[in-house]
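Report on the structure given below.
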Amino acid sequence: MTHVRQVGLIGVGLMGHGIASSLLRAGHQVHFLEHAGNQPVEDLVAAGARPLSTGKEVAQQADIVILCVTGSPQVEAVLFEPNGVLEGLKPNSVVVDCSTALPSSTAQVAARVVKAGGRFMDAAMTRTPKEAAEGRLNLIVGAPKALFDDMRPLLEAFAENIAYAGEVGAGHTLKLLHNFVSLGFSAVLAEATAASRKAGIGADALLDVLGAGGGGGVVLERLRPYIAYNDPSGFRFSVANASKDLGYYHTMTHDLAVEGSIAAAVRDLYQSVDEQQLSIPEVIGVLERR
């Protein structure tokens, strides 16, 4: 029998909506922050979710608060601004940050949450809104091991694969490493596809050769519909988010004093795309037109 938890959710966007749906299906009570950036929430309310007007109210109703927002500035805002989560945080409540964030910011955020009497874990997400809606996200978690073990049953309500990366901040660090690899490979495939089209190579031939060789894998399959049919739906991730994540990765490599020249080139490519709300597959079309 499911142990019903009172869960607060801030950020009911493409990913957050799926998380909320999955939590409700698992029998948990969901309280979410009303916000103009939310996806339509009528289905969530019909299933029992409760909309609230401030982060403070969400925290007052919940013993677990999940943040599913864009990045570090938004995390800090929803937690620390007036009427934010920290003002309503109950003793021993858990803040779960599912955003993609700067590890240096995460460390400071966690310290403030703990000082206020709460507990903190970063649980960065991979996969897409489709998997979010199905309760099949991947999570990369940074937390004290005891907290991770305590929270795992709840995380399993919306995640299929859960990797324990280490202490607080490790989840966000590993997520940035993952996104650099994923977005870097996407950039390589975009440039290769644009060159292939200009050279008159057919899409089927390109896909066959890449798929059977060094280009095969998850990223190629996400780009496949666009390469074949100019259908961008296989990778619903915006160029703006790619630019943000690679900017975070660049900052992290600078802080770590490690090589980051390839990441800088990939970041510059995405930042050069004029329409930042395009999806990643559509970068192929941009490069083809240049």
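Heavy-atom basis, side chains included; hydrogens, waters and symmetry copies ignored.
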Spacing of CD belonging to Gln108 relative to OG belonging to Ser104, to within rounding of 0.5 Å | 6.5 Å
Candidate pair Thr253 and Glu259, rule side-chain contact (heavy atoms from CB on, under 4.5 Å), full reasoning = CA-CA 7 Å; Thr253 57; Glu259 176 61 35; over 6 Å; no
Do Leu176 and Pro103 touch side chain to side chain, with heavy atoms closer than 4.5 Å?
-> yes
Looking only at heavy atoms, the pair that brings Leu52 and Gln61 closest together is CD1-CG, 3.8 Å
Donor-acceptor under 3.5 Å (Asn179 side chain, Asp245 main chain) = no
Does a donor on one side chain sit under 3.5 Å from an acceptor on the other, for Ser233 and Arg222?
-> no
Around atom NZ of Lys198, are there more than 12 heavy atoms of other residues, nucleotides or ligands at under 6.0 Å?
-> yes
Given the rule in the side-chain contact (heavy atoms from CB on, under 4.5 Å) test, do Val94 and Val96 qualify, once you have shown the distances and angles that lead to the verdict?
-> CA-CA 6 Å; Val94 182; Val96 182; 3.9 Å; yes
Any idea which heavy atoms bring Ala165 and Ile140 closest together, and the distance?
-> CB-CG2, 4.0 Å
Out of curiosity, does Phe120 fall in the hydrophobic cluster containing Val141 (side-chain heavy atoms, cut-off under 4.5 Å, transitive links)?
-> no
Any link between Ile280 and Leu210 through a network of hydrophobic side chains (Ile, Leu, Val, Met, Phe, Trp, Tyr) touching at under 4.5 Å?
-> yes
Shared hydrophobic cluster, Val65 / Leu147 (ILVMFWY, side-chain heavy atoms < 4.5 Å) = no
Report yes or no: does Glu191 contribute a side-chain atom to a donor-acceptor pair with the main-chain N or O of Val188 at less than 3.5 Å?
-> no
Side chains of Ser243 and Gln276: is there a donor and an acceptor less than 3.5 Å apart?
-> yes
His17 (side chain) donor-acceptor with Gly11 (main chain) under 3.5 angstrom | no
Side chain Ser196, main chain Ala192, donor-acceptor under 3.5 Å | no
For residues 262-279, which residue pairs qualify under salt bridge (Lys or Arg N to Asp or Glu O under 4.0 Å), counting only residues two or more places apart or in two chains?
-> none
Do Glu160 and Arg127 meet the salt-bridge criterion of a basic N to acidic O distance under 4.0 Å?
-> yes
Are any side-chain N or O atoms of Glu131 and backbone N or O atoms of Thr128, one a donor and one an acceptor, separated by less than 3.5 Å?
-> yes
So does Arg136 have more than 12 non-hydrogen atoms from other groups sitting under 6.0 Å from CZ?
-> yes
Nearest atoms (heavy-atom pairs only) where Ala133 meets Ser22 = O-OG, 4.0 Å
Mind checking whether Ile162 and Phe148 have side chains closer than 4.5 Å, heavy atoms only?
-> yes
May I ask you to test the Met125-Asn138 pair for a side-chain heavy-atom distance under 4.5 Å?
-> no
What pair of heavy atoms forms the shortest contact from Ala124 to Gly171, and how long is it?
-> CB-O, 3.9 Å
Nearest-0.5 Å distance, NZ of residue Lys175 to OG1 of residue Thr106 | 11.5 Å
Judged by atom type as modelled, is there a donor-acceptor pair below 3.5 Å linking the side chain of Glu134 to the main-chain atoms of Phe158?
-> no
Residue pair Ser105 / Glu76, side-chain donor-acceptor N/O under 3.5 Å | yes
Could you grab the distance from atom NZ of Lys130 to atom CE of Met15, nearest 0.5 Å is fine?
-> 12.5 Å
To the nearest 0.5 Å, how far apart are OG1 in Thr173 and CD in Glu167?
-> 12.5 Å
Rounded distance [0.5 Å steps], CD1 in Ile66 versus CD1 in Ile19 | 6.0 Å
Under the side-chain contact (heavy atoms from CB on, under 4.5 Å) rule, what do Gln6 and Ile64 come out as? Steps first, then yes or no, please.
-> CA-CA 7 Å; Gln6 298 293 324; Ile64 298 163; over 6 Å; no
Between CG of Leu9 and NE2 of His28, what distance do you get to the nearest 0.5 Å?
-> 13.0 Å
Pro144 versus Tyr164, closest heavy-atom pair with distance = C-OH, 4.0 Å
Kindly indicate whether the side chain of Leu206, heavy atoms from C-beta on, has any atom under 4.5 Å from the side chain of Arg197.
-> no
Taking atom CD1 of Ile262 as the centre, does the number of heavy atoms from other residues, nucleotides or ligands within less than 6.0 Å exceed 12?
-> no
Do Pro51 and Val41 touch side chain to side chain, with heavy atoms closer than 4.5 Å?
-> no
Whether Thr193 side chain and Leu189 backbone form a donor-acceptor pair below 3.5 Å | yes
Verify, without hydrogens or angle tests, whether Thr251 (side chain) and Leu102 (backbone) share a donor-acceptor contact under 3.5 angstrom.
-> no
Is a side-chain donor or acceptor of Arg119 paired with a backbone partner of Asn92 at a separation under 3.5 angstrom?
-> yes
Got Arg290 and Ser272 here, is their nearest side-chain heavy-atom distance under 4.5 Å?
-> yes
Any donor-acceptor N/O pair, Tyr248 side chain to Ser72 backbone, under 3.5 Å = yes
Apply side-chain contact (heavy atoms from CB on, under 4.5 Å) to the pair Ile10 and Val69, showing each step before the final yes or no.
-> CA-CA 7 Å; Ile10 297 181; Val69 296; 4.3 Å; yes
Indicate yes or no: at least one non-hydrogen side-chain atom of Phe80 is less than 4.5 angstrom from one of Val109.
-> yes
Contact check, side chains of Phe32 and Val58, non-hydrogen atoms, under 4.5 Å | no
